[in-house]
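Below is one structure, written out as structure tokens, with a few remarks after it.
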There are 2 protein chains.
Amino acid sequence: MPELNARQISQLPPLAAIRVFEAVARHLSFTKAAGELGMTQAAASYQIKLLEERVGAPLFLRRPKQIVLTEAGQRLAPAVSEAFALLSGAYAAARSGADGVLCVSTLLTFASNWLARHLGSFQVAHPSLAVRLDTSNRVVDFTREDIDIAIRSGGGTWPGVEVHKLFNADFTPVLSPQLAASIGGVKEPADLLRLPILDPGDPWWRDWFIAAGLPVEELARRPGSSMGAQAYEANAAIAGQGVAIVTKALFSAELADGRLIQPFDLVGDDGHAYWLVYPQARRNVPKIRAFRDWILAEIAGR
Amino acid sequence: MPELNARQISQLPPLAAIRVFEAVARHLSFTKAAGELGMTQAAASYQIKLLEERVGAPLFLRRPKQIVLTEAGQRLAPAVSEAFALLSGAYAAARSGADGVLCVSTLLTFASNWLARHLGSFQVAHPSLAVRLDTSNRVVDFTREDIDIAIRSGGGTWPGVEVHKLFNADFTPVLSPQLAASIGGVKEPADLLRLPILDPGDPWWRDWFIAAGLPVEELARRPGSSMGAQAYEANAAIAGQGVAIVTKALFSAELADGRLIQPFDLVGDDGHAYWLVYPQARRNVPKIRAFRDWILAEIAGR
DNA sequence: GTTCGGGCATAAGGCCTCCTTATGGGCCGT
DNA sequence: ACGGCCCATAAGGAGGCCTTATGCCCGAAC
């Protein structure tokens, strides 16, 4: 790759004039070039004159009815054309090529339980768009990380970003049917007390217990470790290791095929939700629109 | 060579912003890049923001103490560097490369009788400068022909050009010593009437005859053809075919070595002269200065 | 922990570039 | 000879772009 140094850069020609020169050299006409560039013939004449003064030599010979390149102009024109083709290509690539890869920052559970199952239809709809998932529970800063769009959970109030609610982050206990059967079925909330509670320190449990009219003191005494993500706890629940409290919407498949059951209709809700977020300034970037439109339709369509 | 079409050109990025981007990508610092470009950090920030909006994607990630290129930026940067290197090279070549060839439009006689004998010392002094002679008696129009500098004869009043007088276009008869001897020597002007006059229609003859007190009627009756250039007529004179009327300064060598003799001190002068001319606007172009300085010194040095 | 410094972002304001309109000259074709 | 095409030039104006000034953030150092 060619190396540039400060001296070379500082000696770059006036770029606006070079752009005009390229067009004039291609058309061999000031008037036509000006037309192409959307300016007047006088402006083109001005820029060429400027450039000729900088170069120190005429670039065109003004013949009646037609202009021709001087020797100096002939030297300059091909390189300028090539340089502009390069620029044009790279610029186009950066513009739409940014379309090439969509970087989605997503919460672990949302990725494994929702995106993993639906992303296929997005790929089908946008075959030229590769999706890179960046899974973490941090709240990403779009100005510091190379992320296009993110799934977050929370109150939905973040500055500088566009937000769309996907679904409420409600929560309700789930467990495997085998585990429920082991105590003769789970008929009322209190039955849960006879089973292991997965991550009993999760505030959701406390909220739900209160809503269900159960005592919370006992919860606090239970030993327990948080696995840090609903997906892990749900897997433990499926394996029959205990009762997990999760967001229904993320486990519709497990609930539908019976790997998990929801013993009670009671659903807690702390006002949080899952949100789609992206920088306001980029709301019209094609790939971001595409993903937004797709995910909202996908959520609504169920 | 890459082809450009109007659509591509119209989609070129803002070039000023691209120039800033190139510098920032090289330094990975807004402040340093701005310094290199001789502008403030705020200006660089402004341009990058502008470009990012046009591209539709961030080009840099703002990390504390340092910025890094985003994926889009990484795609753009190498091509931009390459394009600028191309431009820079071509521009430099057009600037100094214009130094490479000096196109001199010259009168035929001046070329063969003066330049041909002196040009060697110019080549020695400027070995990197190739001289292309364009010989014709037209008055070249610098805006229509690819000419850097010209030798003209005339009154010295042309608009838009810088002029330097080389020497007066004086005129006096010359002939070969053998021809003079054939009539027993040429002692007084009237002796010329006994010899063939080369190009008797030339106004110079009329002027000189009048100055010498000879009758001009006889001149007009003589048959004669103009050869169109002093050099041709001088050659005819050297061959003994007649008497030519020429500018002394252009035939100093022939007069010195005796191939031609100047029988009379009487020299005509119609106020014309030989001039060095070039466009005023280009008076500081190195190769033009070089040629001007050389030829004036060479003329003065004799 | 607090302060200092480096680096980028942003706002307001002004200059100067660059474009437009208008006009003229040169040359060609009818 | 005259109208049309094309480029050059002058005058005038708008807006892009740069500057100054200020704020914020973060990390380093004491």
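Protein chains get the first letters and strands the later ones, always in sequence-line order, with residue 1 at the start of each.
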> Are the side chain of A:T70 and the backbone of A:L59 linked by a donor-acceptor contact shorter than 3.5 Å?
Replying inline: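 Yes.
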If only side-chain N and O atoms of [X] are considered, is one of them under 4.0 Å from the OP1 or OP2 phosphate oxygen of [N]?
X     : N     : value
B:S29 : C:dG7 : no
B:T31 : C:dG6 : no
B:K49 : C:dA9 : no
A:R62 : D:dC6 : no

Calculate the interatomic distance between [X] atom [atom1] and [N] atom [atom2]; express it in whole Å.
X     : N      : atom1 : atom2 : result
B:F30 : C:dC8  : CZ    : C1'   : 7 Å
A:E52 : D:dC7  : CD    : P     : 13 Å
B:L15 : D:dC17 : CG    : C1'   : 15 Å

>> Output one letter per nucleotide in nucleotides 13-20 of chain C: B when a protein non-hydrogen atom lies under 4.0 Å from the base, S when only the sugar-phosphate is that close, - when neither is.
In response: -----BSB
>> Please determine whether a side-chain nitrogen of the Lys or Arg among B:R26 and B:E22 lies less than 4.0 Å from a carboxylate oxygen of the Asp or Glu.
In response: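 A salt bridge is present here (some side-chain N lies under 4.0 Å from a carboxylate O).
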>> According to salt bridge (Lys or Arg N to Asp or Glu O under 4.0 Å), who are the partners of A:D293, at least two apart in sequence or on a separate chain?
In response: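 Salt bridge (Lys or Arg N to Asp or Glu O under 4.0 Å) check on A:D293 returns nothing, list empty.
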I'd like a table of atom pairs between the protein and nucleotides 11-15 of chain D - only N or O on both sides, under 3.5 Å - with the distance next to each one.
none

>> Please evaluate residues B:D134 and B:T106 with respect to the criterion side chain to side chain contact (heavy atoms under 4.5 Å, CB included), reporting the C-alpha separation (whole Å), side-chain torsions for both, the decisive distance (0.1 Å), and the verdict.
In response: CA-CA 6 Å; B:D134 188 277; B:T106 171; over 6 Å; no
>> Any non-hydrogen side-chain atom of A:V161 less than 4.5 Å from a side-chain atom of A:V163?
In response: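 Sidechains of A:V163 and A:V161: in contact.
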> Parallel under 30°, tilted from 30 to 60°, perpendicular over 60°: which one fits the rings of A:F110 and A:W114?
Replying inline: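 Rings of A:F110 and A:W114: parallel, under 30°.
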> Quick check, are the ring centers of A:Y278 and A:F142 under 6.0 angstrom apart?
Replying inline: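 No - the distance between ring centres of A:Y278 and A:F142 does not fall below the 6.0 Å cut-off.
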Check nucleotides 25-30 of chain C against the protein and report each pair of N or O atoms closer than 3.5 Å, with its distance, or say if there are none.
| unit_1 | atom_1 | unit_2 | atom_2 | d |
| --- | --- | --- | --- | --- |
| C:dG26 | O3' | B:R144 | NH2 | 3.1 |
| C:dC27 | OP1 | B:R144 | NH1 | 3.1 |
| C:dC27 | OP1 | B:R144 | NH2 | 2.6 |

> Closest to the B:S45 side chain: D:dC7, D:dT9, C:dA9?
Replying inline: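 The closest nucleotide is C:dA9.
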>> Using five pairs at each end of the helix from C:dG1-D:dC30 to C:dT30-D:dA1 to define an axis, what is the angle between those two axes, to 10°?
In response: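 Terminal axis comparison yields 30°.
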>> Taking ring pair (Phe, Tyr, Trp, His ring centres under 6.0 Å) as the cut-off, I'd like each qualifying pair that reaches into residues 30-50 of chain B, sequence neighbours left out, listed once.
In response: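 As it turns out, the ring pair (Phe, Tyr, Trp, His ring centres under 6.0 Å) pairs with a partner in residues 30-50 of chain B, which skip direct neighbours, are B:F30-B:F60.
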